[in-house]
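As a basis for the values below, the full set of heavy atoms in this structure was taken, side chains included, without hydrogen atoms, waters or symmetry mates.
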Amino acid sequence: MHEITSDKWYSGADINEVLRYAGVRSAEGCSEAILSDAVRAVEQVGAAAQPKVISRECSLAIAGNVCNIDGLAFESRSLATHLAGCDRALLFAATLGSGVDLLIGRYSAVKMSYAVLLQGAAAALIELYCDSECALLEVRYAEEGCCLLPRFSPGYGDFPLTCQNALTEHLAAYKYTGIAVSAGGQMTPMKSVTAVIGISRTRRSTSGSCASGKCAGCPNVNCLFRRV
């Protein structure tokens, strides 16, 4: 059995997801050594992580392909289509912290094959953490009779990565989470996520929830990391 036995927050990690992010489509056919290393990678990344999150509810107005979120204007047909029908949205940012970057960097210098598994574990764990935080937000908004749409991050469709600068600045993300963004839109720590989450009064059966269904709603059908 290749399961995470820890009772920590990352105990729900799926080894198949770790392998998928590491470029392996399925655990079937993997050697015992690789599977064991994948489990160890999750444990190490989980131990090195210091996850933090921040979110803020904002007003939303859509005109054509422009989404105005608390005065921030984002021109993106994909985002406008995704948020159609919503008049509020959450800006969201989460990170695993710089300790994970240091861990991956250390192994990248001595054992690249294992560093790839660490990258896969970190990618799976930031998604797991985001999903768990979004699930808590969903409970809160369900009390209002609302549901949350799946996270929509810069880089999806025609929503440019450079928008991460405006998102993190509006959230004061560096102050609360340590997330910084370069002029080109590269985030540090590396395993960080920014997103816009629509707040809807009607659940969309084809979109899933904020904590699931992201691949189903993504237009990039040829993505190497797409869930089957």
* To do: Could you walk me through whether Leu96 and Gln50 pass side-chain contact (heavy atoms from CB on, under 4.5 Å), step by step?
  => CA-CA 5 Å; Leu96 293 186; Gln50 292 183 304; over 6 Å; no
* Pairing residues for Phe159 by the ring-ring contact (aromatic ring centres under 6.0 Å, His included) criterion, not counting sequence neighbours -> Phe74
* Asked: Going by the salt bridge (Lys or Arg N to Asp or Glu O under 4.0 Å) test, which pairs reach into residues 61-86, not counting sequence neighbours?
  -> none
* **Beyond-backbone contact of Ser36 with Arg40, side-chain heavy atoms, under 4.5 angstrom** => no
* Smallest separation among heavy atoms of Ala124 and Val18, with atom names -> CB-CG2, 3.9 Å
* To do: Please tell me if the side chains of Lys191 and Gln119 come closer than 4.5 Å, counting only heavy atoms from C-beta onward.
  => yes
* **Whether His170 side chain and Arg56 backbone form a donor-acceptor pair below 3.5 Å** => no
* Structure fact -> d(Cys146 SG, Glu138 CD) to nearest 0.5 Å is 12.0 Å
* According to the salt bridge (Lys or Arg N to Asp or Glu O under 4.0 Å) rule, which pairs have a member within residues 82-103, sequence neighbours left out? -> Glu57-Arg88, Arg88-Glu144
* Asked: Does one hydrophobic cluster hold both Val100 and Trp9, with members joined at side-chain heavy-atom distances below 4.5 Å?
  -> yes
* Asked: Listed by chain and number, what are the side chain to side chain contact (heavy atoms under 4.5 Å, CB included) partners of Ala89, not counting sequence neighbours?
  -> Leu60, Val196
* **Test side chain to side chain contact (heavy atoms under 4.5 Å, CB included) applied to Ser55 - qualifying residues, sequence neighbours left out** => Phe92, Leu137
* hydrophobic_cluster_shared for Leu171 and Leu72, side chain cutoff 4.5 Å -> yes
* Can you sort out the partners of Asp158 under side chain to side chain donor-acceptor pair (under 3.5 Å), two or more places apart, ordered by chain and number? => Ser76, Ser78
* Nearest non-hydrogen partners of Gly71 and Asn68, listed with the distance -> N-OD1, 3.0 Å
* Leu35 side chain near Leu19 side chain, heavy-atom distance below 4.5 Å -> yes
* Asked: When hydrophobic residues are tied together by side-chain contacts of less than 4.5 Å, even through go-betweens, does Met190 share a cluster with Val181?
  -> no
* Any chance you could measure Leu117, atom CG, to Ile15, atom CD1, to the nearest 0.5 Å? => 9.5 Å
* Asked: Just by distance, do the side chain of Thr177 and the backbone of Tyr174 share a donor-acceptor pair under 3.5 Å?
  -> no
* Would you say Tyr156 and His82 make side-chain contact, with heavy atoms under 4.5 Å? -> no
* Asked: Quick one: OG on Ser182 to CG on Asn165, what's the gap to the nearest 0.5 Å?
  -> 7.0 Å
* Within-4.5 Å side-chain heavy-atom neighbours: Val42 and Tyr10 -> yes
* To do: Kindly work out whether a path of hydrophobic side-chain contacts (I/L/V/M/F/W/Y, heavy atoms less than 4.5 Å apart) joins Ile197 to Leu136.
  => no
* Structure fact -> In terms of heavy-atom contacts, Ala80 and Gly64 come closest through CB-O, 3.7 Å
* What pairs with Leu103 under side chain to side chain contact (heavy atoms under 4.5 Å, CB included), at least two apart in sequence or on another chain? -> Gln44, Val45, Ala48, Arg106, Tyr107, Leu118
* What's the verdict on side-chain contact (heavy atoms from CB on, under 4.5 Å) for Leu83 and Cys67, showing C-alpha distance, side-chain angles and the deciding distance? -> CA-CA 8 Å; Leu83 297 176; Cys67 299; 4.3 Å; yes
* side chain to side chain donor-acceptor pair (under 3.5 Å) partners of Glu133, counting only residues at least two apart -> none
* Residues two or more places apart in sequence or in another chain: which of them pass side chain to side chain donor-acceptor pair (under 3.5 Å) with Thr194? -> none
* Measure the OH-SG distance between Tyr129 and Cys134 for me, rounded to the nearest 0.5 Å. => 10.5 Å
* To do: Kindly work out whether a path of hydrophobic side-chain contacts (I/L/V/M/F/W/Y, heavy atoms less than 4.5 Å apart) joins Ile54 to Leu91.
  => yes
* To do: Heavy atoms only: give me the nearest Ser200-Leu149 pair and the separation to one decimal.
  => CB-CD2, 4.1 Å
* Structure fact -> Nearest heavy-atom approach of Ala13 to Leu125 is CB-CD2, 3.7 Å
* For the residue pair Arg201 and Cys86, establish whether any side-chain heavy-atom pair is separated by less than 4.5 Å. => no
* So which heavy atom on Arg151 is nearest to which on Ala195, and how close? -> CB-CB, 3.8 Å
* To do: Determine yes or no for a side-chain-to-main-chain donor-acceptor pair under 3.5 angstrom, with Ser192 supplying the side chain and Thr188 the backbone.
  => no
* Asked: How would you list, by chain and number, every residue that makes a side chain to side chain contact (heavy atoms under 4.5 Å, CB included) with Val193, sequence neighbours excluded?
  -> Ile126, Glu127, Cys130, Ser153
* **Sequence-distant partners of Tyr141, ring-ring contact (aromatic ring centres under 6.0 Å, His included), two or more places apart** => none
